[in-house]
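Notes for the one structure printed next.
If you read the sequence from its start, that first residue is 1, and numbering goes on from there.
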Amino acid sequence: FIGYERWEAYCEFSQNNQISQEELTIFVKGALKAEFDTYKKLPIIDDSSLKKYFINDGSAFLRIRSMLDRISNRKWIITNKLNPSCFDLIRLNIKQQNAQTIHLETEEYWYLRWFDLTDKKYTYIYNQLNSQFYILENSSKGWKIKLNYYNNDAGRYIDEDSNSDGRQGE
């Protein structure tokens with residue numbers, strides 16, 4: 001309890017600045033829903049719902065924004081009739097937490113079935129269960145996601161010819 005006059009003062013600080021597993025789960029599910037909702041609005045880009053959860057110039061926000069730009073340019077959507085696109089947060093583990101930062105690991109499932117408005121067919125299926133690492137920062141506007149890392153090639157495939165990777169739809 002270095003930096004605190006008494007053990008009780010440290011305990012009070014810790015209790016008042018810790019976020020519970022349940023609160024973090026609700027927060028991350030909200031961030032995932034905000035990301036999914038931006039995909040549902042495509043080809044129109046509206047990232048306003050992300051700003052509640054993400055640091056606007058953080059790498060996590062910029063990665064999503066870049067993906068929105070690429071998909072919008074291709075005129076892909078996930079809102080065509082009977083599109084089964086979905087996501088789910090399977091597991092969340094708090095790895096490290098203090099008053100300024102939280103490190104999380106999650107397991108997430110994302111199924112995004114992209115429909116090409118130009119070709120009128122499914123053109124790309126993203127079907128992944130993956131582990132992700134988050135860094136959240138505490139700011140004057142509350143907790144926000146700064147970094148979200150996951151190891152897969154979704155961005156690379158969307159940059160390239162979508163018919164060359166063997167993941168194309170029907």
Shared ILVMFWY cluster between [X] and [Y], side chains joined below 4.5 angstrom?
| X | Y | result |
| --- | --- | --- |
| Ile145 | Ile55 | no |
| Leu147 | Phe27 | no |
| Ile135 | Tyr149 | yes |
| Ile45 | Tyr39 | yes |
| Leu117 | Tyr122 | yes |

Look up atom [atom1] in [X] and atom [atom2] in [Y], then write down how far apart they are to the nearest 0.5 Å.
| X | Y | atom1 | atom2 | value |
| --- | --- | --- | --- | --- |
| Asn56 | Arg65 | CG | CZ | 11.0 Å |
| Asn148 | Tyr53 | CG | OH | 15.0 Å |
| Glu108 | Lys29 | CD | NZ | 11.0 Å |
| Lys81 | Asn83 | NZ | CG | 13.0 Å |
| Lys120 | Asn80 | NZ | CG | 10.0 Å |
| Tyr134 | Lys95 | OH | NZ | 15.5 Å |

Return the minimal non-hydrogen interatomic distance between [X] and [Y], and the atom names on each side.
| X | Y | answer |
| --- | --- | --- |
| Phe61 | Asp47 | CZ-OD2, 3.4 Å |
| Ser20 | Glu23 | N-OE1, 2.9 Å |
| Phe133 | His103 | CZ-ND1, 3.8 Å |
| Gln100 | Trp143 | O-CZ3, 3.6 Å |
| Leu92 | Leu24 | CD1-O, 4.0 Å |
| Ile94 | Ile19 | CD1-O, 4.2 Å |

* **Partner of Ile90 under side chain to side chain contact (heavy atoms under 4.5 Å, CB included), chosen from Thr106, Leu129, Asn130** =>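 Only match with Ile90 under side chain to side chain contact (heavy atoms under 4.5 Å, CB included): Leu129.
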Taking the side chain as every heavy atom from C-beta outward, state whether [X] and [Y] have any pair of such atoms under 4.5 Å apart.
| X | Y | value |
| --- | --- | --- |
| Arg74 | Asp116 | no |
| Tyr109 | Leu89 | no |
| Thr79 | Phe115 | no |
| Lys40 | Ile78 | yes |

Expected output: side-chain [X] to main-chain [Y] donor-acceptor under 3.5 Å:
| X | Y | answer |
| --- | --- | --- |
| Thr38 | Glu35 | yes |
| Lys52 | Ala31 | no |
| Ser72 | Ile44 | no |
| Lys146 | Phe54 | no |
| Asp46 | Ser48 | yes |
| Thr25 | Gln21 | yes |

- Any side-chain donor near an acceptor of the partner, Arg63 and Ser59, under 3.5 Å: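 Distance-only check fails for Arg63 and Ser59.
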| query | Stepwise, does the side chain to side chain contact (heavy atoms under 4.5 Å, CB included) test hold for Tyr111 with Asp88? | reply | CA-CA 9 Å; Tyr111 183 80; Asp88 197 9; over 6 Å; no
Residues Lys41, Asp37: salt bridge by 4.0 Å N-O rule
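Here Lys41 does not pair with Asp37 in a salt bridge, since their nearest N and O are not under 4.0 Å apart.
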